[in-house]
Amino acid sequence: EPEVTQTPSHQVTQMGQEVILRCVPISNHLYFYWYRQILGQKVEFLVSFYNNEISEKSEIFDDQFSVERPDGSNFTLKIRSTKLEDSAMYFCATPPREGRENTEAFFGQGTRLTVV
Amino acid sequence: QKEVEQNSGPLSVPEGAIASLNCTYSDRGSQSFFWYRQYSGKSPELIMFIYSNGDKEDGRFTAQLNKASQYVSLLIRDSQPSDSATYLCAVLPSGSARQLTFGSGTQLTVLP
């Protein structure tokens, strides 16, 4: 059973539009991560979220990106004004069990974002 | 820049053989090491993780870690066609950072 569920599985959007990607963990995790993978390239870290705050972020995670936990359970990744180069698979990830601080990160099934 | 390097392959082995996948990392203080399997268009699936020097076995998979050489490997015994995938090495670096740094992956094909 997956630790996290991501929606939508595929999103097509026009350049300049805002998109919101969602992730629902099956249990209450304090740590939460977003990664992305451009087609044919490495999995890249975007941002980590700990106890409802951004813990760390990469250079990729610029002002166009934001993360929230709007209702205490779901996590969202928002891209305000999408660019063609934002086309990628976006994964949320979480440690497998509440209370463990190690990063045996389990990945959601991903959202494929296509910017046209 | 903390790097994780893998031979991109493709690596082809016959069914039943041992597949050996290698990974080196630049950050000597790295703490934990992970192997993921990724089928095309799918998310990474955790296979194994290892923290201590030496070998760790789980079924057909054995992870090997040598921190002195900054080297981690994954052996797949009795390879099956269903093992054909891209294998990603990921490293938890030193310091307070908790995010994984991934290698580019090795594409493995197991020939029936």
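These figures come from a predicted structure and were not determined experimentally. A note on names: the letters A, B, ... follow the listed sequences, proteins ahead of strands, and every chain is numbered from 1.
Between the CG atom of L88(B) and the CD atom of Q37(A) there is a distance of 6.5 Å, given to the nearest 0.5 Å. In this structure, the separation between OG on S55(A) and CD on Q99(B) is 8.0 Å, given to the nearest 0.5 Å.
Hydrophobic clustering, with ILVMFWY side chains joined whenever heavy atoms are under 4.5 angstrom apart, keeps L46(A) apart from V91(B). Using a 4.5 Å cut-off between side-chain heavy atoms of Ile, Leu, Val, Met, Phe, Trp and Tyr, with links allowed through other members, L100(B) and I50(B) fall into different hydrophobic clusters. Linking Ile, Leu, Val, Met, Phe, Trp and Tyr whenever their side-chain heavy atoms come within less than 4.5 Å puts I60(A) and V67(A) in one cluster. No path of Ile, Leu, Val, Met, Phe, Trp and Tyr side chains, each step under 4.5 Å between heavy atoms, connects M48(B) with F34(B), placing them in separate hydrophobic clusters. In this structure, Y87(B) is a member of the same hydrophobic cluster as L65(B), with clusters built from ILVMFWY side-chain heavy atoms closer than 4.5 Å.
Using non-hydrogen atoms only and a strict 4.5 Å limit, no part of residues 69-81 of chain B faces chain A. Residues of residues 76-87 of chain A lying under 4.5 angstrom from chain B, judged on non-hydrogen atoms, do not exist here.
Just one residue in the list Y35(A), F107(A), F91(A), F106(A) forms a ring pair (Phe, Tyr, Trp, His ring centres under 6.0 Å) with Y36(B), and that residue is F107(A).
For NZ of K56(B), the number of neighbouring non-hydrogen atoms (other residues, nucleotides, ligands) closer than 6.0 Å is greater than 12. Counting non-hydrogen atoms of other residues, nucleotides and ligands closer than 6.0 Å to CG of D63(A) gives a total of 12 or fewer.
Using a distance-only test at 3.5 Å, with no hydrogens or angles considered, a donor-acceptor pair links the side chain of S43(B) to the main chain of G108(A).
Contacts between E45(B) and chain A at a heavy-atom distance below 4.5 Å are absent for every atom of the residue.
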